[in-house]
Amino acid sequence: MDTSPTPAPDTAHATPSRPGDPSTGNAPGSGDGGSASGASTTARTTGGARRATARRPSASGRAAAARTRAEDHETTGPDDLTDTTDTTGPATAGRRRRTVLLLLGLTAVTSATALVLGLLSWAPDPPEPARPLTVSESDRLAAVRVTNLRDLRAGVRVTAGTDAARVELVGWVDWSRSLLYLDVGGPGAGAERGLLQKSGPVLVIRPDPAAVPTPAAPPLMPPADRWRLHRLTPGAHLAPVLDLLLDLAADRPDPTRTAPSSEARWIARDTAPAGPLDVIQAPLATGAPAASTAPGTPRAATPTPDGQTRYWLDQDARLHKLVTRLPGTGPVTVVFNREDRPTLRPVDALGGRPGLPRVLTDAEQRRLDRLPARLRAQGGATLTLTAPVGTDTNLRGAGWVSWTARTAYLAVADLGVPDRRTLLRRDATGLARADLPAVAAGGGTAEAPARPPLPPPAGAWRVTRPGGDDLSVLVDAAVTAGSVGHRGAAVRIRDDVTAGRTVDVIEAGPAGARLRYWIDRGDGSLRRLELRTDVGAWAHLDLQPAVVPRLAANPRPANPRPAAPRSSAPRPGTR
């Protein structure tokens, strides 16, 4: 038997009993007869023990917690204890995120610093020095003009001159037909601002003074109206540029490019969408120009080589860029678009779109043979004249022709003299002319004059015999088309459309004055007459079937003035 004294219970740290706890013996409904004062004392003691426990754990409590942790350590092992410790608190995860962000920031700063130091210390590779051409490069340079002729066409963008004299051109060059079609702009465009076409030595423009300074690609189908024959002012910046564009084509290589003494040198390399390019410095080609000049027609001389020309060539001898200096013009830059190669259509003053001449079919021959009788049955037509007969003379006219009376009457305006009109009357006896103010001759504008007044005004009429100048030949051909057939062999040039009607363009007449008849396929009537003038442009009379008023005969002078004989020499380009 244990006789040691029993220690008193520790009431200050005793665990309070809970109702219903069988270990305390205070189950509800038990027969505990404790007094109310004892219960109150117990409650106070329990509450104080609970507050003391919250403030400071007892020695026995700390020992029990230590034993519990030791048991847990033996049960779970060190790894489990570590994992539980790493993932329990938010402070550890926050410290880890801050560590990762700090490391990423240090990495970014280090990379940026290294990049800046590398850029500051980087130096480009030195360019390759200029050198003489290799055999392959010489062959490509010699074949540039042949390649242009083989490719037929290309888009061009040209800048010529500097400052207020700068001219800008956008459009196309057709080396196969020696044809240019450009929009002219820039501060130095002057009277040429607008559209321009050039075929060989013949230059026509459609001026547009109100156009914006920066040019744009012209419409593929050129406008039909307001074109006029034009002569560039001597010394104008534009003349040598146009000649340069057309002279970049030839049917054989330039032998001077491959000569041992050639001044050509390789300069640098460049790139383009088409591939790598070689930049070569060489004088401009000095061969024969691609466009022949008609006798008596002024033409700007081929630019004198100055040794500063540079060619940008690809591996197929195609020219993509040209930089040079031209006398009287200054620096010139030409950029070619080798993929932009539409088929170009010359305007009517240059003969219209080209065709394939051939002999007439039986149906076409019958329509041509029946033309005089058909015109007499038709009676007459209204006339509209467009005649570039000289570099300073562009005529417009309107009037009538009567095939039954074999007469014609029209008012003619010269674009260079807009306030004057020439009345022209043609009958079987000859031609009569009278010059009057525009108001007295029917009015209208110089570009679209009105038909002449009826009856014809009295005045000083000058009478001559038929023939002579281009205008007289064209009007005479319109009148006689209803009385006599064609003369000379006839060929069909092409089909075309005018006033919504499909026609066959047939060329006939003597070698020195061949005419083109536009014959309607439907009713066989004559819709247009064309004549190639002495300057190489095409004049035409458009005819629209109509009821013609009675036209008075010409006055009968006592001594009619003879007409100047027309030159029998063939015009340039006539067959």
Side-chain angles (χ1 to χ4, degrees), residues 169-174 177-185 189-211 215-233 236 238-239 242 245-246 291 294 297 342-355 383-398 412-418 444-449 470-471 474 494 496-499 505 516 518 527-543 571-573:
L169 311 172
V170 178
W172 299 277
V173 54
D174 187 334
R177 288 185 286 157
S178 188
L179 174 66
L180 291 173
Y181 182 24
L182 303 167
D183 185 14
V184 184
E192 288 81 31
R193 184 182 305 278
L195 298 181
L196 174 150
Q197 284 200 0
K198 187 176 191 294
S199 178
V202 182
L203 174 67
V204 294
I205 64 171
R206 188 177 187 268
D208 187 2
L220 280 178
M221 181 62 69
D225 61 338
R226 295 171 48 201
W227 290 93
R228 62 182 67 181
L229 200 62
H230 184 67
R231 178 172 57 187
L232 295 173
T233 305
L238 195 57
L242 301 181
L245 292 175
L246 292 176
T297 302
T343 300
L344 305 182
R345 174 166 181 163
V347 295
D348 291 337
L350 298 180
R353 64 182 179 86
L383 296 178
T384 302
L385 171 71
T386 304
V389 296
T391 54
D392 296 319
T393 305
N394 291 272
L395 304 180
R396 304 289 188 268
V412 180
D414 187 343
L415 296 182
V417 191
T445 65
E447 189 67 43
D470 291 318
L471 177 60
L474 191 59
R494 65 176 188 272
D496 215 314
V497 176
T498 180
V505 181
R516 287 183 177 178
W518 292 40
R527 297 289 178 173
R528 176 180 285 187
L529 265 174
E530 281 187 317
L531 173 70
R532 190 172 185 124
T533 63
D534 290 331
V535 295
W538 288 85
H540 59 268
L541 273 173
D542 288 308
L543 302 102
R571 299 181 185 82

Is the shortest heavy-atom distance from the side chain of [X] to the side chain of [Y] under 4.5 Å?
{"X": "Leu179", "Y": "Leu350", "value": "yes"}
{"X": "Leu471", "Y": "Leu385", "value": "yes"}
{"X": "Leu232", "Y": "Leu242", "value": "yes"}
{"X": "Leu229", "Y": "Thr533", "value": "no"}
{"X": "Ile205", "Y": "Arg228", "value": "yes"}
{"X": "Leu203", "Y": "Arg231", "value": "no"}
{"X": "Leu383", "Y": "Leu543", "value": "yes"}
{"X": "Val202", "Y": "Val535", "value": "no"}

Closest heavy-atom pair and its distance - [X], [Y]:
{"X": "Leu182", "Y": "Leu245", "answer": "CD1-CD1, 4.4 Å"}
{"X": "Ala191", "Y": "Pro207", "answer": "O-CB, 4.1 Å"}
{"X": "Ala446", "Y": "Ala413", "answer": "O-CB, 3.8 Å"}
{"X": "Pro218", "Y": "Gly171", "answer": "CD-CA, 3.9 Å"}
{"X": "Trp538", "Y": "Asp348", "answer": "CB-O, 3.5 Å"}
{"X": "Pro354", "Y": "Pro346", "answer": "CD-CD, 4.1 Å"}

Worksheet item: Can you check salt bridge (Lys or Arg N to Asp or Glu O under 4.0 Å) on Asp496 and Arg345, steps first, answer last?
Response: CA-CA 12 Å; Asp496 215 314; Arg345 174 166 181 163; 3.3 Å; yes

So does [Y] get a backbone contact from the side chain of [X], meaning a donor-acceptor N/O pair under 3.5 Å?
{"X": "Arg177", "Y": "Leu344", "value": "yes"}
{"X": "Arg494", "Y": "Val505", "value": "no"}
{"X": "Tyr181", "Y": "Leu195", "value": "no"}
{"X": "Gln197", "Y": "Val347", "value": "yes"}
{"X": "Asp183", "Y": "Val170", "value": "no"}

Item to complete: Would you mind checking if Arg206 and Asp225 are paired as a salt bridge, meaning a charged N to carboxylate O distance below 4.0 Å?
Response: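 Judged by the 4.0 Å cut-off on N to carboxylate O distance, Asp225 and Arg206 do form a salt bridge.
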
Within this structure, what is the [atom1]-[atom2] distance for the pair [X] and [Y], rounded to the nearest 0.5 Å?
{"X": "Leu246", "Y": "Leu180", "atom1": "CG", "atom2": "CG", "value": "4.0 Å"}
{"X": "Arg226", "Y": "Leu415", "atom1": "CZ", "atom2": "CG", "value": "11.0 Å"}
{"X": "Lys198", "Y": "His230", "atom1": "NZ", "atom2": "NE2", "value": "12.0 Å"}
{"X": "Asp470", "Y": "Arg532", "atom1": "CG", "atom2": "CZ", "value": "11.5 Å"}
{"X": "Trp227", "Y": "Asn394", "atom1": "CH2", "atom2": "CG", "value": "12.5 Å"}
{"X": "Arg528", "Y": "Thr498", "atom1": "CZ", "atom2": "OG1", "value": "5.0 Å"}

